[in-house]
A.B. asks: 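My structure is below; once you've seen it, I'll send some questions.
Here is the naming used below: chain letters follow the sequence lines, and residue numbers restart at 1 for every chain.
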Number of protein chains: 2
Amino acid sequence: MSSPCDLEAQLKLDNQLCFMLYACSRAVTRAYRPKLDALGLTYPQYLVLLVLWEWQQTPPAQATVKALGERLLLDSGTLTPLLKRLESLGLVERRRAQHDERERVLVLTEAGVALKSQAAEVPQTLLCESGASLEELAQLRDQLAVLLKRFA
Amino acid sequence: MSSPCDLEAQLKLDNQLCFMLYACSRAVTRAYRPKLDALGLTYPQYLVLLVLWEWQQTPPAQATVKALGERLLLDSGTLTPLLKRLESLGLVERRRAQHDERERVLVLTEAGVALKSQAAEVPQTLLCESGASLEELAQLRDQLAVLLKRFA
DNA sequence: AGCAATTAGATTGTGCGCAATTCTTTTTAG
DNA sequence: CTAAAAAGAATTGCGCACAATCTAATTGCT
């Protein structure tokens, strides 16, 4: 029902929307990389630690792999090896829950807790480097939250 | 120079911004997956074909791996194996340039050209399913373009 | 012409993402 | 009380991303 011209436009609009999301996500990750390298972390590892640091303030019902996966929208296929790496770095412990041996309870080590203060400087530095305003970024965050609800 | 409270807030704002980008990008890719599965394509392969289809209308100086990498912000380490898969699917040819044997010239096969009409339905379908307005998505695209310029 | 520097692409190795499967433990039904 | 179903993680396999390295071709300089 659409002319060839519509299809061209559709493919281009699509490109400039879903691709922008894809390219921006990678660009921001790339910007984080040098700062996180200094901490010995990858970007997904940093996100996991952000959640665990938040959980220090506001503990969830259970600090399990499942709860972490729900927060980050990731599954055990991604998280299990990542958490093993964080464990081998001495930042996280993966204990079995006493009340349910299927569950892994995630606990920050002393080193994992201590890393928080260093990590706190990372977003601050990037905010400055980007030259963006807090309002601009907050507005974008809100729009992305709407989009995420539509798709997730 | 910041109070503990500022650091907490910073880590949370950061979470809700860079994480939103990361989560949205994956959510949109996830939404594309079933449609692209039907075409036998992955999301990055679809993006590559979008560029090659655009190049049919507006050919670049050289349709090389380098030009494709500049368009998609990807390097040969990602593109070379991806293009080999598209080649083995019979969608793309990877010819050597006659004037410079280092360059690979990318050419759509007949099947690669033919796939375009099927692919054109994909973003249309997703737009409907998302329930989002074109204006909403266009505004988001523009904001992401600004962010990409800041970081890329 | 001859040789260093540059460039295009390919290769290698690590770490995600995610679908699909498997393993174990727990819960539920009959 | 046991067999079946369900739940939480782990494992397997594939395809990106990307840094680092390598190879081969081209360009520039003298």
Side-chain angles (χ1 to χ4, degrees), chain A residues 19 22-34 36-37 40-49 60-70 72-89 92 94-106 152, chain B residues 19 21-34 36-37 40-49 60-70 72-89 94-106 152:
Chain A
F19 170 62
Y22 164 83
C24 275
S25 179
R26 286 187 301 117
V28 169
T29 300
R30 206 175 298 134
Y32 270 84
R33 191 181 312 277
L36 294 179
D37 277 349
L41 295 175
T42 66
Y43 184 73
Q45 288 166 8
Y46 167 75
L47 292 179
V48 164
L49 289 176
Q62 295 292 333
T64 60
V65 173
K66 178 181 166 62
L68 186 62
E70 283 167 357
L72 295 175
L73 306 178
L74 292 170
D75 70 5
S76 69
T78 300
L79 290 175
T80 295
L82 190 158
L83 289 166
K84 283 183 179 177
R85 276 172 220 121
L86 289 181
E87 187 175 46
S88 75
L89 289 172
V92 167
R94 299 162 60 245
R95 298 182 190 153
R96 290 212 178 275
Q98 64 283 45
H99 71 286
D100 187 338
E101 289 281 329
R102 290 173 303 182
E103 296 179 351
R104 284 283 192 179
V105 177
L106 306 173
Chain B
F19 170 63
L21 210 43
Y22 164 84
C24 274
S25 179
R26 288 186 299 116
V28 169
T29 301
R30 206 175 299 134
Y32 270 83
R33 193 183 311 276
L36 295 178
D37 278 349
L41 296 175
T42 66
Y43 184 73
Q45 288 166 8
Y46 168 74
L47 293 179
V48 165
L49 288 175
Q62 296 291 333
T64 60
V65 173
K66 177 181 165 64
L68 186 62
E70 283 167 356
L72 295 175
L73 306 179
L74 292 170
D75 69 6
S76 69
T78 301
L79 291 175
T80 296
L82 190 158
L83 289 166
K84 284 182 178 176
R85 275 171 220 123
L86 288 181
E87 188 175 44
S88 75
L89 289 172
R94 299 162 60 244
R95 298 181 190 154
R96 291 214 178 272
Q98 64 281 48
H99 71 285
D100 187 336
E101 289 282 329
R102 291 172 303 181
E103 295 180 352
R104 285 281 193 178
V105 177
L106 306 172

A.B. asks: Just N and O in the side chain of B/R30: are any of them under 4.0 Å from OP1 or OP2 of C/dG17?
C.D. replies: no
A.B. asks: Could you tell me which non-hydrogen atom of A/L79 sits nearest to which non-hydrogen atom of A/V48, and how far apart they are?
C.D. replies: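 Scanning both residues completely, I find the closest heavy atoms to be CD2-CG2, 4.1 Å.
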A.B. asks: Would you say A/T42 reaches C/dC16's phosphate, i.e. side-chain N/O to OP1/OP2 under 4.0 Å?
C.D. replies: yes
A.B. asks: Counting just side-chain N and O atoms, does B/R85 come under 4.0 Å of either OP1 or OP2 of D/dC16?
C.D. replies: yes
A.B. asks: Could you check whether A/D75 gets within reach of a base, just the sugar-phosphate, or nothing at all, counting any heavy atom under 4.0 Å?
C.D. replies: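 Result for A/D75 = base.
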A.B. asks: Do the side-chain N or O atoms of B/K84 get closer than 4.0 angstrom to the phosphate oxygens (OP1, OP2) of D/dG15?
C.D. replies: no
A.B. asks: Between D/dC14 atom P and B/L86 atom CG, what is the distance in whole Å?
C.D. replies: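 In whole Å, D/dC14 P lies 18 Å from B/L86 CG.
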A.B. asks: Give one of base, sugar-phosphate or nothing for A/L82, where a contact means two heavy atoms less than 4.0 Å apart.
C.D. replies: sugar-phosphate
A.B. asks: Can you confirm whether A/V92 sits close enough to A/L49 that some side-chain heavy atom of one is under 4.5 Å from a side-chain heavy atom of the other?
C.D. replies: yes
A.B. asks: Tell me the interatomic distance from A/Q98, atom CD, to D/dG8, atom P, rounded to whole angstroms.
C.D. replies: 16 Å
A.B. asks: Could you please name the option among C/dG15, C/dC18, D/dG8 that lies closest to any side-chain atom of A/R102?
C.D. replies: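 For A/R102, the side-chain atoms sit closest to D/dG8.
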A.B. asks: Between A/T80 and D/dA10, is there a contact of a side-chain N or O with OP1 or OP2 at under 4.0 Å?
C.D. replies: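 Checking A/T80 against D/dA10: at least one side-chain N or O falls below 4.0 Å of OP1 or OP2.
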A.B. asks: I'd like to know if the side chain of B/R104 and the backbone of B/R94 have a donor-acceptor N/O pair within less than 3.5 Å.
C.D. replies: yes
A.B. asks: Is the phosphate of D/dA10 approached by A/R94 (side-chain N or O, under 4.0 Å from OP1 or OP2)?
C.D. replies: yes
A.B. asks: Over 60° means perpendicular and under 30° means parallel, so classify the ring planes of B/Y22 and A/Y43, tilted if in between.
C.D. replies: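 Plane angle over 60°, so perpendicular.
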A.B. asks: If we only count heavy atoms from C-beta on, is the A/L41 to A/L86 side-chain gap below 4.5 Å?
C.D. replies: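 In contact.
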A.B. asks: Give the rounded distance in Å between these two atoms: NE2 of A/H99 and C1' of D/dA7.
C.D. replies: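 Distance, rounded to whole Å: 12 Å.
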A.B. asks: Return the value, rounded to whole Å, for the distance between atom OH of B/Y32 and atom C1' of C/dC18.
C.D. replies: 19 Å
A.B. asks: Could you check how far CZ of A/R96 sits from C1' of C/dT25, rounded to whole Å?
C.D. replies: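 That distance rounds to 10 Å.
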A.B. asks: Can you see if the side chain of B/Q62 gets near the phosphate of C/dA8 - specifically, an N or O under 4.0 Å from OP1 or OP2?
C.D. replies: no
A.B. asks: Can you tell if the side chain of B/T78 reaches within under 4.5 Å of the side chain of B/D75, non-hydrogen atoms only?
C.D. replies: yes
A.B. asks: Could you please name the option among C/dC16, D/dC18, D/dA9 that lies closest to any side-chain atom of B/L74?
C.D. replies: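 Given the options C/dC16, D/dC18, D/dA9, the side chain of B/L74 is closest to D/dC18.
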A.B. asks: Roughly, in whole Å, what's the span from NZ in A/K66 to P in D/dA7?
C.D. replies: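 Atom NZ in A/K66 sits about 8 Å away from atom P in D/dA7.
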A.B. asks: Looking at A/Y43, I'd like to know whether one of its side-chain N or O atoms comes within less than 4.0 Å of OP1 or OP2 on D/dC18.
C.D. replies: no
A.B. asks: OP1, OP2 of C/dA8 versus side-chain N and O of B/R104: anything below 4.0 Å?
C.D. replies: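 Checking B/R104 against C/dA8: no side-chain N or O falls below 4.0 Å of OP1 or OP2.
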A.B. asks: With a non-hydrogen cut-off below 4.0 angstrom, is B/T29 in contact with a base, only sugar-phosphate, or nothing?
C.D. replies: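 No contact at all - B/T29 keeps every heavy atom at 4.0 Å or more from the nucleic acid.
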A.B. asks: By the 4.0 Å heavy-atom rule, please label A/L83 as base, sugar-phosphate, or nothing.
C.D. replies: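 Result for A/L83 = nothing.
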A.B. asks: For the base of C/dA8, is there a side-chain donor-acceptor partner from B/S76 under 3.5 Å away?
C.D. replies: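 For B/S76, whose side chain was compared with the base of C/dA8, there is no donor-acceptor pair (under 3.5 Å).
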A.B. asks: The side chain of A/D100 is closest to which nucleotide in this list: C/dT25, C/dA19, D/dA9?
C.D. replies: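 Looking only at heavy atoms from C-beta outward on A/D100, the closest nucleotide is C/dT25.
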A.B. asks: Taking only N and O in the side chain of A/T64, is any of them less than 4.0 Å away from OP1 or OP2 of D/dA9?
C.D. replies: yes
A.B. asks: Nearest whole Å is fine: how far is C/dG17 P from B/L21 CG?
C.D. replies: 13 Å
A.B. asks: Atom OH of A/Y46 to atom P of C/dC16: distance rounded to whole Å?
C.D. replies: 15 Å
